[in-house]
Amino acid sequence: MDLSVNQRLGYACINNTLAETKDIIINRGMIKKTFNEKGIDYASELALLNVKDLIRVIEWNENIGIHFYRMSSSMFPWSSHYDLKDLKDYDEIVNCLITVKEIADRSYQRLTFHPGPYNILASDKKYVVRNAIKDLNQHSEIFDIMGYEPSHWNKINIHIGATYGDKPSAIDRFCENFLLLDESTKKRLVVENDDKPTMFSVKDLYEVYERIGTPITFDVHHHKYCHSGLTHKEAALMAASTWKDAPPCFHFSSTINHEQPDKIARAHADYIYEEINDYGTGAWIMVEAKSKEESILYYINEGVMPSEYDEPLYDILVS
DNA sequence: CCAGGTCAAGGGAGT
DNA sequence: ACTCCCTTGACCTGG
């Protein structure tokens with residue numbers, strides 16, 4: 001199936017339309033105190049409600065014609081404290097997840113994950129790495145349950161996440177600890193460029209790719225703040241070249257300065273203020289705008305959101 | 001029912 | 001030392 005760029009736009013986790021009109025949400029959770037009081041059975045009940053609503057979200061995507069969606073990492077609250085198989089509603093949850101894949105397949109939707117910033121495979125602390133491995137494997141397990149063959153079609157996207165002031169050593173640890181992941185997780189993991197100059201650019205990540213084969217998600221917005229001298233096009237082409245078994249993924253967002261000039265430029269805007277360019281790579285574009293699916297629909301139907309600021313303030317930071 | 005305070009996790013950065 | 005930021009704002013309590 002050949003999709004245009006606009007058909008390859010996706011949104012992350014929350015569907016504002018469904019959340020506001022029908023209370024359909026896929027990230028019910030609880031604080032630690034409640035988990036201690038109510039335990040795994042309550043976690044199971046929330047997870048079941050979440051995956052049931054996930055079906056509704058995927059159906060909505062199908063009806064609207066959106067083909068790209070990031071599932072929430074909060075579908076299974078406190079999952080690092082139990083095995084998914086131990087949930088009392090496991091069988092029903094499995095059936096829901098299988099249904100999700102059926103709908104996704106028939107409408108050609110690509111589903112992905114972006115686990116939280118606590119997944120630091122490059123950490124020098126054993127327990128941190130151990131926790132990350134469990135969390136990442138559980139994300140992969142969900143794709144396995146759904147019935148997906150392991151590939152980067154269902155990317156599990158993380159950052160390297162730490163340098164400790166020594167990038168080469170951090171890359172070494174990342175590559176070593178990568179080998180400890182489940183086989184299916186290894187086949188789905190991808191790395192994303194950071195938004196701080198001291199962290200990992202696309203160029204830095206290319207070394208990781210050369211060593212362990214993890215494709216690079218090119219975050220267009222982050223690149224403005226951590227570019228290693230590459231232009232956007234150069235970085236996009238370099239990142240896209242690392243995807244062998246599935247089309248590349250990019251992340252796209254506009255600076256919040258289009259809406260609030262006094263805020264930190266790195267922050268994301270509600271809507272899309274620039275033309276989205278895949279540089280001919282065929283990349284699927286995850287739009288990280290706070291207005292979620294609404295921002296995509298506006299872009300598709302109306303085009304770029306007009307801004308009263310011709311020159312976004314981030315240009316000052318890049319120079 | 002609502003506003004406001006609080007909330008697992010790792011690390012970086014600004015104060 | 002403290003606070004905020006990031007995956008993703010939502011949970012919980014006191015009024």
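- With the nearest nucleotide of DNA chain C identified for both A:E37 and A:A12, A:A12 has the one nearer the 5' end.
- Take A:T163 and apply the side chain to side chain donor-acceptor pair (under 3.5 Å) test, not counting sequence neighbours, and it matches no residue.
- A heavy atom closer than 4.0 Å to some atom of DNA chain B occurs in A:G161, A:A162, A:T163, A:Y164, these being the qualifying members of residues 154-165 of chain A.
- Judged by closest nucleotide on DNA chain C, A:E192 is the one of A:F35 and A:E192 placed further toward the 5' end.
- Using cut-offs of 30° and 60° for the angle between ring planes, the A:F178 and A:F174 rings count as parallel.
- Under 4.0 Å is where a charged nitrogen must lie from a carboxylate oxygen, and between A:D83 and A:K134 at least one such pair does.
- Going from the P atom of B:dA9 to that of C:dT3 covers 15 Å, rounded to whole Å.
- Under the side chain to side chain donor-acceptor pair (under 3.5 Å) criterion, A:N277 pairs with no residue, sequence neighbours left out.
- Among residues two or more places apart in sequence or in another chain, the salt bridge (charged side-chain N to carboxylate O under 4.0 Å, His left out) test is passed with A:K186 by A:E183.
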Open item on the list: For Watson-Crick and G-U wobble pairs within 3.5 Å on both distances, what is DNA chain B written in dot-bracket notation, | included for inter-strand pairing?
Closed with: |||||||..||||||

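- Applying the salt bridge (charged side-chain N to carboxylate O under 4.0 Å, His left out) rule to A:R8 yields the partners A:D278; only residues at least two apart in sequence or on another chain are considered.
- Proximity of A:S80 to the phosphate of B:dA8: no side-chain N or O atom is located under 4.0 Å from OP1 or OP2.
- Judged as a side chain to side chain contact (heavy atoms under 4.5 Å, CB included), and not counting sequence neighbours, the contacts of A:A235 are A:V202, A:F218, A:H223, A:L230.
- Stacking here means ring centres nearer than 5.5 Å and ring planes tilted less than 30 degrees, and by that measure A:Y118 stacks onto B:dA9.
- Residues A:Q109 and A:I66 come closest through the heavy atom pair CG-O, 3.5 Å.
- Of the possible polar contacts, none joining the A:E294 side chain to the A:T17 backbone as a donor-acceptor pair under 3.5 Å is found.
- Comparing the same atom, P, in C:dC11 and in B:dG10 gives a spacing of 22 Å after rounding to whole Å.
- For A:H81 and A:F35, the ring centers sit closer than 6.0 Å to each other.
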Which pairs, protein N/O on one side and nucleotides 2-7 of chain B N/O on the other, fall under 3.5 Å?
none

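- Side chain of A:M30, nearest nucleotide from C:dT7, B:dG11, C:dC12: C:dC12.
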Could you run down the sub-3.5 Å N/O contacts of the protein with nucleotides 13-15 of chain B?
from	atom 1	to	atom 2	distance (Å)
B:dA13	OP1	A:T198	OG1	2.1

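- A close approach under 4.0 Å does not occur between any side-chain nitrogen or oxygen of A:K134 and OP1 or OP2 of B:dA9.
- Close to C:dC12, at under 4.0 Å from its OP1 or OP2, lies a side-chain N or O of A:T34.
- Heavy-atom contacts from other residues, nucleotides or ligands closer than 6.0 Å to NZ of A:K233 number 12 or fewer.
- Under the side chain to side chain contact (heavy atoms under 4.5 Å, CB included) criterion, A:K292 pairs with A:Y11, A:A12, A:I14, A:N16, not counting sequence neighbours.
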Please report, to 0.1 Å, the donor-acceptor pairs under 3.5 Å made by any side chain of residues 90-100 of chain A, with sequence neighbours excluded.
from	atom 1	to	atom 2	distance (Å)
A:N95	ND2	A:D91	O	3.4
A:T99	OG1	A:N95	O	2.9

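- Taking A:E62 as the reference, A:R106 meet the salt bridge (charged side-chain N to carboxylate O under 4.0 Å, His left out) condition, with sequence neighbours excluded.
- Among C:dT7, C:dC6, B:dG11, the nucleotide with an atom closest to any side-chain atom of A:A267 is C:dC6.
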